[in-house]
*Asks:* 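One structure is given below, represented as C-alpha cells, and several questions about it will come after.
Per chain, numbering begins at 1; letters A, B, ... match sequence-line order.
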Amino acid sequence: MPELPEVEVTRRGIASVLQGLRIEAVVLGKPLRWPLGIEPQALAGRTVAEVQRRGKYLLLVLDAGMLLVHLGMSGSLRWRPGPPPPGPHDHFDLVTAQGTLRLHDPRRFGAVVYVQGLQDPRARKLLGRLGAEPLSEGFLFEDWYAALRQSRQAIKPLLLSGRVVVGAGNIYACEALFRAGIRPTTPAARIGPVRARRLYDALRAVLGEAVDCGGTTLRNFSGAGGDAGHFQEYAQVYGREGQPCRTCGSPVRMLRQGQRSSYYCPHCQRA
DNA sequence: CAGTGGGCCTGAGTGC
DNA sequence: TGCACTCAGGCCCACT
C-alpha cells in the first residue's frame, strides 16, 4: 500500500528521467478512480518540468498544468524504455520519445487527474485539506501537539485521516504508535506533551527509515525501476498478530478501528 | 462542524 | 482441484 515512503521512493525514481521530456502521447486503459479531466491528446507536446510530492500524491508539473497521480492501494509507476504493450492492469501511459511512464494498478483505486494548477478547484479539493508534511521543516511539534489536544478522535484514525499530518497509512501508523508506546485507541487529546513528542519523533523516524529502505513491499509495490522495498522486514507489529513482540515477547494483538486493523503490543503500548 | 461508516476494486488467502 | 467467500486498505462522500 503506497504510503508516503513508497510515493517518495517512486518520485525519486522518476524525477530525473522525466525532467524536461516532451510528452508524445497519453494512453488510457480502464477507468481509474477519477476521470483524467482533459482529452489525452491535449497533453501531447507538453513537457515535464519537475516531479513533486504532496502527501501521497505525485505532482507531475508540466510547462502548462500538472498531473496529480495517486497510487491508491495497489498502484505503482514504472519507467521503461520503449513503449511496451500494456497489460490488463496498465491504465495510464505517459509516452515520450525516451521511454514510457506507466501506471500499473490492479485494483484501480489510484487516479491521474489533470489540473491547471494548485488553485484549480479540483486540485484544491484533493490537496486542500491535507495536513503537514511530516518530513518537512514546516512540521512543528507545537502545531502537532496543539492539533492533538483539539481532537476527540482516537490517535490511530486521526493519523490515518491525514488531516493533521499526511503520509502515514496503516502500516506506518501502527509502527509509529508502537515506537512511541501509545495504544491506537488512545484519544488524541489525552496524549500529554512527553508522549506527543515521542510520537512526533517516531513518525518522522519510521517514515524516514522506510524511504531509506525503498519503501515496504507487501504484495506488489515496487519503485520506478521495479525494485522491491524491504521495510517490511523491520515491522515490529504490523501483520504480526499472535506473534511475540520483538521487544518484550508478549503476543501482538489486533483490533478493529473502523474498517482498519490496528496491531499493537499490549505490554509495550500501555496507554 | 467533527466523527463514523459505506463503498469502490481485484488478487490472495481460507475453508469446505 | 474448484468454488464461494473474506480480507486488504486510501480516500471521498453521505450520513449522524
Side-chain angles (χ1 to χ4, degrees), chain A residues 1-10 28-37 53-59 68-77 86-92 103-113 115 121-131 133-134 146-177 184-190 203 207 210 215-222 228-229 231-232 235 237-242 254-263:
Chain A
M1 320 334 120
E3 303 179 31
L4 184 151
E6 290 73 31
V7 177
E8 177 60 20
V9 166
T10 300
L28 303 181
K30 287 189 198 169
L32 292 164
R33 176 161 192 178
W34 301 302
L36 179 60
R53 181 187 56 76
R54 176 71 178 101
K56 297 171 189 170
Y57 287 89
L58 282 172
L59 282 56
L68 308 182
V69 181
H70 198 292
L71 299 178
M73 282 283 310
S74 57
S76 58
L77 282 173
H89 300 307
D90 298 328
H91 306 303
F92 179 91
L103 175 64
H104 176 85
D105 187 5
R107 274 170 240 188
R108 290 192 284 131
F109 278 29
V112 182
V113 173
V115 294
R122 240 175 139 205
R124 297 180 73 134
K125 189 167 193 176
L126 294 174
L127 307 178
R129 286 192 179 175
L130 296 183
E133 283 291 332
L148 291 192
R149 306 297 309 192
Q150 255 180 298
S151 171
R152 265 171 287 156
Q153 265 186 302
I155 184 62
K156 170 85 178 328
L158 183 66
L159 278 173
L160 290 183
S161 78
R163 280 179 20 242
V164 176
V165 61
V166 296
N170 212 24
I171 300 171
Y172 299 119
C174 288
E175 294 300 317
L177 286 167
T185 47
T186 301
R190 290 222 201 104
L203 190 59
L207 293 173
T216 297
T217 298
L218 281 188
R219 286 182 180 77
N220 49 21
F221 171 79
S222 65
F231 183 82
Q232 65 276 7
V237 287
Y238 182 83
R240 300 191 64 245
E241 184 186 13
M254 192 265 272
L255 60 83
R256 294 257 165 205
Q257 291 177 288
Q259 317 296 347
R260 297 289 174 289
S261 306
S262 294
Y263 299 88

*Asks:* Please compare K56(A) and M254(A) by the position of their nearest nucleotide in DNA chain C and report the one closer to 5'.
*Replies:*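 Mapping each residue to its closest nucleotide by heavy atoms, the 5'-most match is M254(A).
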
*Asks:* My understanding is that only residues two or more places apart in sequence, or in another chain, count here; which of them pass ring pair (Phe, Tyr, Trp, His ring centres under 6.0 Å) with Y57(A)?
*Replies:*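 H70(A).
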
*Asks:* Where the side chain of Y57(A) is defined as all heavy atoms beyond and including C-beta, which of dT4(B), dA8(C), dC11(C) is the nearest nucleotide?
*Replies:*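 Minimum distance to the Y57(A) side chain belongs to dC11(C).
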
*Asks:* In whole Å, I'd like the distance from the NE2 atom of H70(A) to the C1' atom of dC8(B).
*Replies:*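 Nearest whole value for this atom pair: 14 Å.
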
*Asks:* When you get a sec, tell me which of dC8(B), dC11(C), dG3(B) is the closest nucleotide to the side chain of F109(A)?
*Replies:*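 Given the options dC8(B), dC11(C), dG3(B), the side chain of F109(A) is closest to dC8(B).
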
*Asks:* So, using ring pair (Phe, Tyr, Trp, His ring centres under 6.0 Å) as the criterion, who are the partners of F231(A) when residues are at least two apart?
*Replies:*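 With sequence neighbours excluded, F231(A) shows a ring pair (Phe, Tyr, Trp, His ring centres under 6.0 Å) to Y172(A), given in chain and number order.
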
*Asks:* Residues two or more places apart in sequence or in another chain: which of them pass salt bridge (Lys or Arg N to Asp or Glu O under 4.0 Å) with R108(A)?
*Replies:*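 R108(A): no salt bridge (Lys or Arg N to Asp or Glu O under 4.0 Å) contacts found.
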
*Asks:* Of all residues at least two apart in sequence or in a different chain, which pass the side chain to side chain contact (heavy atoms under 4.5 Å, CB included) check with E241(A)?
*Replies:*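 E241(A) satisfies side chain to side chain contact (heavy atoms under 4.5 Å, CB included) with M254(A), Y263(A) once adjacent residues are dropped.
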
*Asks:* How would you list, by chain and number, every residue that makes a ring pair (Phe, Tyr, Trp, His ring centres under 6.0 Å) with H91(A), sequence neighbours excluded?
*Replies:*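 Scan of H91(A) (ring pair (Phe, Tyr, Trp, His ring centres under 6.0 Å), adjacent residues dropped) gives none.
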
*Asks:* Indicate whether OP1 or OP2 belonging to dG10(C) is found under 4.0 Å from a side-chain N or O atom of R163(A).
*Replies:*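 No, because none of the side-chain N or O atoms of R163(A) sits under 4.0 Å from OP1 or OP2 of dG10(C).
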
*Asks:* Give the table of side-chain donor-acceptor pairs shorter than 3.5 Å for residues 158-169 of chain A, with sequence neighbours excluded, one pair per line with atom names and distance.
*Replies:*
residue, atom, partner, partner atom, Å
S161(A), OG, L158(A), O, 2.8
S161(A), OG, R163(A), N, 3.2

*Asks:* Expressed as a whole number of angstroms, how long is the span from L130(A):CG to dG10(C):P?
*Replies:*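 In whole Å, dG10(C) P and L130(A) CG are 14 Å from each other.
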
*Asks:* Between K30(A) and P157(A), which has a closest nucleotide on DNA chain B that is more 5'?
*Replies:*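 Per heavy-atom nearest nucleotide, the more 5' residue is P157(A).
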
*Asks:* Would you please name every residue forming a side chain to side chain contact (heavy atoms under 4.5 Å, CB included) with R122(A), sequence neighbours left out?
*Replies:*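 By the side chain to side chain contact (heavy atoms under 4.5 Å, CB included) rule, R122(A) matches W34(A), P35(A), V113(A), V115(A), D120(A).
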
*Asks:* How about CZ on R149(A), more than 12 heavy atoms from neighbouring residues, nucleotides or ligands closer than 6.0 Å, or not?
*Replies:*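 Buried by this count: over 12 neighbours within 6.0 Å.
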
*Asks:* Check side chain to side chain contact (heavy atoms under 4.5 Å, CB included) between P86(A) and all other residues, then give those that pass, not counting sequence neighbours.
*Replies:*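 For P86(A), the residues satisfying side chain to side chain contact (heavy atoms under 4.5 Å, CB included) (neighbours in sequence not counted) are D90(A), R102(A).
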
*Asks:* Check the distance between dC12(C)'s C1' and M73(A)'s CE and give it to me in whole angstrom.
*Replies:*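 About 15 Å, once rounded to whole Å.
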
*Asks:* Within this structure, what is the CD-to-P distance between Q150(A) and dC1(B), rounded to whole angstrom?
*Replies:*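 After rounding, the reported distance stands at 14 Å.
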
*Asks:* Are R54(A) and E133(A) ion-paired here, with the side-chain N under 4.0 Å from a carboxylate O?
*Replies:*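 Looking at E133(A) together with R54(A), the answer is yes, because their closest N to O distance falls below 4.0 Å.
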
*Asks:* List for me each residue that meets side chain to side chain donor-acceptor pair (under 3.5 Å) alongside K156(A), sequence neighbours excluded, and say none if there are none.
*Replies:*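 Partners of K156(A) under the side chain to side chain donor-acceptor pair (under 3.5 Å) test: N170(A), S262(A).
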
*Asks:* How far does the helix from dA2(B)-dT16(C) to dC16(B)-dG2(C) bend, going by the axes of its first and last five pairs, to the nearest 10°?
*Replies:*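 The helix from dA2(B)-dT16(C) to dC16(B)-dG2(C) shows an end-to-end axis angle of 50°.
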
*Asks:* Between protein and nucleotides 5-7 of chain B, what N or O pairs are separated by less than 3.5 Å?
*Replies:*
residue, atom, partner, partner atom, Å
dG6(B), OP2, Q259(A), NE2, 2.8

*Asks:* R54(A) CZ to dC11(C) P: how many Å, rounded?
*Replies:*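 Rounded to the whole Å, the gap is 12 Å.
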
*Asks:* Which atoms of nucleotides 14-16 of chain C (N or O only) lie under 3.5 Å from a protein N or O atom, and what are those distances?
*Replies:*
none

*Asks:* Using a 4.0 Å heavy-atom cut-off across all strands, classify S161(A) as base, sugar-phosphate, or nothing.
*Replies:*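 No contact.
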
*Asks:* Return the value, rounded to whole Å, for the distance between atom CG of N170(A) and atom P of dC11(C).
*Replies:*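 Taking CG of N170(A) and P of dC11(C), I get 12 Å after rounding.
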
*Asks:* With distance as the sole test, does Q153(A) use its side chain to make a donor-acceptor pair with the main-chain N or O of P187(A) at under 3.5 Å?
*Replies:*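 Looks like no, no N/O pair under 3.5 Å.
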
*Asks:* Can you check the R108(A) CZ to dC9(B) C1' distance for me, whole Å?
*Replies:*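 R108(A) atom CZ is separated from dC9(B) atom C1' by 7 Å.
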
*Asks:* Rounded off to whole Å, could you give me the CZ-to-P distance for the R129(A) and dG3(B) pair?
*Replies:*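 Interatomic distance, CZ of R129(A) to P of dG3(B): 13 Å.
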
*Asks:* Would you say dG3(B) has OP1 or OP2 under 4.0 Å from some side-chain N or O of S151(A)?
*Replies:*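 Answer is yes, contact under 4.0 Å.
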
